[in-house]
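Because the structure is predicted, anything quoted here is derived from the model rather than measured. Numbered from 1 within each chain, the chains take letters A, B, ... in sequence-line order.
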Amino acid sequence: MPNVSLTVNGKAVSRDVDTRTLLVQFLRENLGLTGTHIGCDTTQCGACTVHVDGKALKSCTVLALQVEGKTVRTIEGLADGEKLHPMQEAFREHHGLQCGFCTPGMIMSAVDLLNRHKSPSEETIRHELEGNLCRCTGYANIVKAVQAAASAPRG
Amino acid sequence: MTYAANPKFAVGQPVSRTEDPKLVRGAGRFTDDINLPTQLYAVFARSPHAHGVIRGIDIAAARAMPGVLGVFIGTDIEAGGFGRMPCGLTAPNRDGSAMVKPSRVALAVDKVRFVGDPVAVVVAETAAQARDAAEAVVLDLDPLQAVTTAESAMAANAPRIHDEAIGNVFLDYHYGDTAKVAAAFAQAAHVTQLDLCSNRIAVSPMEPRCAAGQYDDGQWTLHVGCQGPFATRNTLAREILKAAPDKVRVITGNVGGSFGMKAPLYPEYVAVLFAARALGRPVKWANDRSESFLSDGHGRDHQMHAELALDRDGNFLAVRITGTGNLGAYPGQATVIPASANVVKNIIGVYRTPLLEVSTKCVFTNTAPVGAYRGAGRPEANYYMERLVDQAAREMGIDRVELRRRNHIPADLMPYGTPSGQTYDSGEFTAVLDKALLFADWNGFEDRKRESERRGLLRGRGIGQYLEVTAPPASEMCSIRFETGGNITLTTGTLDQGQGHATPFAQVAAQRLGVPFERIALRQGDSDDLKAGGGTGGSKSMVSAGKAIVEACDKVVAQGRQIAAFVLNASEGEITFNDGRFAVEGQADRNLGIGDLLEVIGGGLPLPAHLPQSLDVEHIAQTPPSTFPNGCHIAEVEIDPATGVVRVDRYSMVNDFGVMINPLLVEGQAQGGVVQGLGQALMELVIYDESGQLLTGSYTDYAMPRAEDMPELRFASHPVPATTNPLGAKGCGEAGCAGALPSIMNAAVDALSKYGIMHMDMPATAPRVWQAIREKAPAL
Amino acid sequence: MGDYVRPAGLDEALEHLARRPYAVVAGATDLYPAHVGRSLQGHLLDISGILTLRGIVRHDDHWRIGATTTWSDLIAADLPPLFDGLKQAAREIGGRQIQNAGTLGGNICNASPAADGVPPLLALDAEVELASVDGMVRLPLAAFVNRSRSTARKRGQLLTGILVPQPALPCRSAFAKLGARRYLVISIASVAAMIEIDCGLVSRARVAVGACSPVPCRLPELEAALRGAVLDKRLGDCVTESHLAALAPIDDIRADASYRRAAVTVMVRRILNQLGPA
């Protein structure tokens, strides 16, 4: 089996993997990082969104071997110890989640969004979240949470 | 340490959810996140044909594939002594006969009846190996003609799907006094009629179904996402495993949405348990989304002829609904309620309508079984009525607001007995409507319409005034356990699937007991904890678990009073309880908080044997009657006549959910209902071709609302406390759908009325709207 | 599944391709969806490690877009109005995560009738560059994407770049898409247009439509009719259904042919009206 070495949530990891292992399977099964969820098999739902070299990607569309040498950040790597990331805090405070299944992917997309847009309009937020499906919330409180995180002090 | 309730967590406060810090970190435990030691993986081989007689299932090649430990088919399961898939529900046919209940083996043995019908389970060391081997299972079929719609299934020459079901009719349902209703229609000054479709929905909670089965020395365990482990355990034990209930345990962790879909027992769950026993190792199965589209219970799929009889002044005389429900291939997993009893209960909504009649045929077809979906007949019935009202208003030249006001059940007639046998306890329907008109700026519409027209767009507005009859009474439990150190564990038989039970349940208990909210944790999802439990469904959990919690808290107080009397050296009758403190009446300085009592008990003070030895209680409550949440939703849509594209531009709702324990979460539930209603109204449709192949098998072809499809959802309340439960709460989980379907569709028809269009079927997709416009205005 | 190779250089990649068949992947965004319910089979050649295949470079008379340039790369690039339509298409492809991974080359090679990248590139008169161990050849894009789900790529060839001629005159371009929902659902129809401008008149127009024929195609009758037209907000008013003769829309579950034809007519008019005003 080929080997893949990469950095996940700040830690170097190296594993032998089956060639056809997708990044999402690698994260969930090889590393036990089950916060990244699988909600579809056509790259539509966005529940598996992670950051690869700082950019949001759907981890169901990438083979584990393709991220050789790269840096991956998952939902588990977002909080600073006990302290939630401002986006996680905003989702919590504004009831931006119900069942919580789409939430990790939604938060990873939202963080990526704010990395590129400092004070996004509601329209921009809705457009940018196009790659993530939520069946529970009606998106109202998700949009509210992203707006709140955008105006929260950073650092 | 103060051990008292903090008012910021009181009933009525918008407290953020206690489970969220875990969920936002990705630390939830959904079923697929659980891996059992030595676990194997199951993948199902499913029928690629909609209907056929099974000649043989060749598993030899699959069995020989790398990593494969077992391949099982339906005859193995039968031979293993497992019972067949149950169909618990019974309703009489209109002629009084019992409805037929064809049985189903978890893996099809005689025939396949829909595309996706599981025929074999392949178990291997890895999921990839199981998948490879499942592709090698060869199903030898004699194909039969398939029927996919209720109409074609009832046709004279239609193939029979189950031998027992003549004409493929599962239930021939009837309610009402036919003669009286016919007389009312005969006398009516005006009759409005519409053919209305409730389109078939892929329920699609974001977490696909998943199950892991375990068998260890006579003890069965199933890890599964469901809507109530107590009922699931009982059905499994009684009907399938033929085991004593204490030999079966159902464990549910986080559930990633369900909306009714995950409630029934599915064949895959039976198969993983069978395989676990056969192979002596735990077996896990996780559905792919493509399989979900094929094998999850679908929602809706009703076709109704709706009629409303009115007198000269527009007073409603009678309503009559006649039609069909497409139930798919198997009973059990399917449910007849949405197309039958729930139409009866919900059809009159907020209107004085003395007579009603509902006749529906629930029909088998070669499609996935159709089960409950958010509202399960409630949103549909409200949709039928509200479309009839708008149509009648248009036909009779009466303003649609005025026609509604004229027919509202007035608040001073409460409690009001309906012709379906319900007793509405409360509701101020005219006030709700008036508030909604203001909130939505109904009167500012003409300006907005002109502005839309300036941009070449049609604009329409629609009212959806709904009333839902939430789930009927059942029994529900609450136990309260005081842990060493002061934490409190509540256990209920309801089950959270994203609603957020933990927070409002704790708010109620904290307030009742005067204990710290932060110390209360909710435990759900383990059948071993439960002595009763109706589970969650039908918008009832706050009401049913709420009553159980309130009564359990009362028991805690009663026990505490006895112990406090002993400790304070007073008689029990002298002890008062206020704000978490037991005191001797008239001697405020002789008092003990619940925290003090816990320390006394925990400190080992010997209590006389006739006293309770702790504050812990386990209580089973008879849950209160249905509640009648209602409200008025107002939608405004813009339609591009050149492309047919429909967009909801404004959405405002005023709801009566009675006392809102946690308004933040109630609003979230309403918004969630609206988005599912908007999806059904404008985008979502499951399509089978004539041979029974599913054409909408992925999110590429099945459109679900995304963030950009949604308008801002404006929420306001007109709470009228329910009088039939101790909290005054009314169910809020499904109401959004009931308001959204009619308000959006009435708005779309209003916009299109410019062209003389009187009705649009759901979903009002761009091509359909364009087609309707073209038929009326070919030159456009 | 077979082997997975991820060469760092083009020559190595071409040698692999000469030796045996590979499925070529870069962003791999279509790989998983294309194998729903089935295991991945065959050998994979991952070209995302070949740095020279990524990026956009201006040459004297043309632009070269490397095959593995992602949609996000394109959106972020500083490009003239010539590329406005292509950028608009990029923003509507698959959501941000897909734009970060999916590549222009992949979109072309998949040859979906509904590929959103192809109409704007047709409107830009793009050519593709194909490399093999035998050397480099160029093909017009329209000749390369020649049938539904199929291209003229021969065994051993790799699509390495997309070449866009730089027009001599000032130009404008635009893209529009109609779907059951705008983004992730595959288009009901997509339209791209580019006009070159000379003294307030259209000196050249190219209009291309996706999802209304087996492969996206241009509308030569319309392009001819637009030549010499006055640039204003009524530029699209001249469009008639007869200009759309090149299209052969089909009925499917998303829309029927008559709707597609009518909607495309409206979209073409609107996009031209939008390009018209100064």
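Between A:Arg20 and B:Asp132 there is a salt bridge, since at least one side-chain N of the basic residue sits less than 4.0 Å from a carboxylate O of the acidic one. A salt bridge is absent between A:Glu89 and B:Arg25; no separation between the charged side-chain nitrogens and carboxylate oxygens falls under 4.0 Å.
If you measure heavy-atom distances from B:Pro14 to chain A, you find no contacts under 4.5 Å at all. For A:Leu97, the parts lying near chain B are the backbone and the side chain together; criterion is any non-hydrogen pair under 4.5 Å. For B:Leu665, the parts sitting under 4.5 Å from any heavy atom of chain A are the backbone and the side chain alike. Both the backbone and the side chain of B:Gln669 come within contact range of chain A, with heavy atoms under 4.5 Å apart. Only the backbone of B:Val255 comes within less than 4.5 Å of a heavy atom in chain A; its side chain stays farther off. At a 4.5 Å heavy-atom cutoff, the contact between B:Asp33 and chain A is made by backbone and side-chain atoms alike. In this structure, chain B has no heavy atom under 4.5 Å from any part of A:Ile125. The part of A:Tyr139 that comes within reach of chain B is its side chain, from C-beta onward, which places non-hydrogen atoms under 4.5 angstrom from that chain. Proximity to chain A (any heavy atom under 4.5 Å) is shown, for B:Gln499, by neither the backbone nor the side chain. Only the side chain of A:Arg28 comes within contact range of chain B, with at least one heavy atom under 4.5 Å from a heavy atom of that chain.
Distance check: B:Leu23 CG to A:Gln98 CD gives 11.5 Å after rounding to the nearest 0.5 Å. The SG atom of A:Cys99 sits 6.0 Å away from the CZ atom of B:Phe259 when rounded to the nearest 0.5 Å.
Between chain B and the options A:Gly138, A:Cys134, A:Ala140, the largest number of non-hydrogen pairs under 4.5 Å is found for A:Gly138. Of the listed residues (A:Thr103, A:Leu129, A:Leu84, A:Leu33), the greatest number of heavy-atom pairs within a distance under 4.5 Å of chain B belongs to A:Leu84. When the candidates A:Gly35, A:Gly39, A:Gly100 are compared by the number of heavy-atom contacts under 4.5 Å with chain B, A:Gly39 comes out ahead. Among the candidates B:Thr126, B:Leu713, B:Leu664, the residue making the largest number of heavy-atom pairs closer than 4.5 Å to chain A is B:Leu664. In terms of heavy-atom pairs under 4.5 angstrom with chain B, the leader among A:Asn141, A:Thr21, A:Thr36 is A:Asn141. Top candidate by heavy-atom pairs under 4.5 Å with chain A, chosen from B:Gly668, B:Gly257, B:Pro205, is B:Gly668. The candidate from B:Ala286, B:Gly498, B:Gly500 with the greatest count of non-hydrogen atom pairs under 4.5 Å with chain A is B:Gly498. Contacts with chain B were tallied for A:Val143, A:Ile142, A:Thr137; A:Thr137 has the most, counting heavy-atom pairs under 4.5 Å. Taking B:Gly256, B:Gly26, B:Ala707 one by one and counting their heavy-atom pairs under 4.5 Å with chain A, the maximum is reached by B:Ala707. Among B:Asn35, B:Asp32, B:Asn287, the residue with the largest count of heavy-atom pairs under 4.5 Å with chain A is B:Asp32.
Remark: B:Thr536 pairs with B:Ser541 by the side-chain hydrogen bond (donor to acceptor under 3.5 Å, both in side chains) rule, at least two apart or across chains. Applying the salt bridge (Lys or Arg N to Asp or Glu O under 4.0 Å) rule to A:Glu29 yields no partners; only residues at least two apart in sequence or on another chain are considered.
Within the 4.5 Å cutoff, no side-chain heavy atoms of A:Arg135 are placed close to those of B:Val675. Within the 4.5 Å cutoff, no side-chain heavy atoms of B:Glu207 are placed close to those of A:Cys102.
Side-chain N/O atoms of B:Ser698 and A:Gln44 include no donor and acceptor closer than 3.5 Å. Looking only at atom types and distance, the side chain of A:Arg92 has a donor-acceptor partner in the side chain of B:Ser16 under 3.5 Å away.
Nearest heavy-atom pair, A:Phe101 versus B:Met206, reported as atom, atom and distance to 0.1 Å: CE2-O, 3.1 Å.
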Chi angles and distances behind the side chain to side chain contact (heavy atoms under 4.5 Å, CB included) call for A:Leu133, B:Arg706: CA-CA 6 Å; A:Leu133 273 174; B:Arg706 289 176 188 266; 3.6 Å; yes
